[in-house]
Amino acid sequence: VRSARAERLSRFLVCEGAEDKSFFERLIAVRQLPRFYIVDAKGNGEFAAAVGAFQVSRTADYNSLREILIVADNDETPSDSFGNVCVQIDRVFGPGTAPRTPLQKTPRTATRAAAITVLMVPWTNEHGHLERMCVEAARDANRNIAMHVDTFMNLIRAEGWQNQSRFGKAWLRINLAARCSRDPFIALGRVFANVRHNTLIPVGHSSFDRIADVLRKF
Amino acid sequence: MRRAGRGPEFIKLLTKEYQWIRSLDIEVVAGSPIIFAKTPNSQEMLPLAYISGAINRIIGVMLAIASTDRSVVLVDEIENGIFYTHQVALWRAILASIRKYEGQIFATTHSNEWLKALVQAAGDKMDDIALWRLERSENGTPVIFQFGGDTLRDAIKHGAEARGG
């Protein structure tokens with residue numbers, strides 16, 4: 001953040017949690033995407049507070065922004081999750097500011113120099129979250145272990161959960177526990193932040209291409 | 001204030017937050033006006049400054065607000081001499097006075113704790129407060145950044161450094 005601050009960036013990305021922050025930092029570094037200030041909102045109800053915090057604590061940086069990207073998880077109710085983000089956008093930037101759909105960029109105004117975009121993860125109208133998005137990359141990184149994880153999930157009848165979010169988190173947790181010999185409880189954020197663990201979920205995998213393409217256009 | 005009939009309502013505003021003050025009076029001692037207070041633990045009224053330097057200062061601010069309608073009161077380094085546990089109560093008392101008499105206060109502070117206490121004291125009436133932060137721009141010229149109460153509350157809630165830097 002310090003080096004980013006020194007050159008003053010025009011893009012700001014606020015995401016739900018520390019894991020998302022680590023993921024985007026790694027994705028941007030590996031794929032040489034445009035640089036953003038990246039802030040962890042500490043919860044999907046805290047986007048407004050995170051924007052306010054950045055505005056107050058780093059006012060000069062905030063005033064230089066041209067793009068604000070809010071990244072949220074769809075979880076099991078994509079439209080509700082998007083609506084929750086829009087409510088917060090309207091609260092911070094004024095009624096009617098929120099975009100009508102994910103990835104739609106709100107125009108800049110005389111009083112707001114930054115355009116606002118919402119990116120829903122894993123993708124517009126798809127159930128899930130960061131963990132769900134990471135499943136295919138983790139699978140391809142070690143197909144043998146992935147096959148055993150699939151078998152285990154079948155044995156516990158996970159397909160009957162009717163919950164993509166729970167399924168994705170469970171699958172990834174079991175996969176990482178099996179593959180990370182140093183720490184079976186390894187936090188997802190450390191997978192991206194610590195070079196020793198980067199191969200567990202390689203961000204160069206094609207499953208992240210859509211997200212990378214969005215960032216590349218900023 | 002007493003002549004204007006504001007004495008009782010001022011005492012009411014004050015004792016709402018400082019219930020140990022039963023009454024206030026002004027006596028002239030050696031030619032100087034001094035505020036005296038009646039407390040539950042004393043038979044006689046005592047000079048307020050003897051009881052607490054902080055409450056003496058607080059009452060000075062509140063009297064300035066209450067002395068006339070729509071007053072504008074300036075307080076430099078409002079945090080000075082006041083124990084941290086009294087911060088929210090002080091802001092509540094000041095905000096109640098401001099609302100009652102339609103006044104305005106400009107208070108300077110170096111303290112993040114005081115900003116947190118202000119947000120807490122304002123409750124859900126964030127339009128009543130604002131932060132103006134004076135700092136130097138990168139080329140050295142002074143600039144003022146203004147933030148509404150909602151933004152200040154969000155920043156405080158998120159643990160941001162509201163004093164800039």
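Only a predicted model underlies this, so the values are computations on that prediction, with no experimental measurement involved. Every chain is numbered from 1 and lettered A, B, ... according to where its sequence line falls, protein lines coming before strand lines.
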Verify the neighbour count for atom [atom1] of [X]: are there more than 12 heavy atoms of other residues, nucleotides or ligands below 6.0 Å?
{"X": "A/Lys42", "atom1": "NZ", "result": "yes"}
{"X": "B/Lys38", "atom1": "NZ", "result": "yes"}
{"X": "B/Gln146", "atom1": "CD", "result": "yes"}

Q | Criterion side chain to side chain contact (heavy atoms under 4.5 Å, CB included) on A/Val56 and B/Thr151, from CA distance to verdict | A | CA-CA 8 Å; A/Val56 170; B/Thr151 304; 3.7 Å; yes
Q) Do you know the tightest heavy-atom contact between B/His158 and A/Ala53? A) CB-CB, 3.6 Å
Q: Please check if the side chain of A/Arg91 supplies one atom and the backbone of B/Asp150 the other of a donor-acceptor pair under 3.5 Å.
A: no
Q: Mind checking the CG-CZ spacing from A/Asn63 to B/Phe145? Nearest 0.5 Å is all I need.
A: 5.5 Å
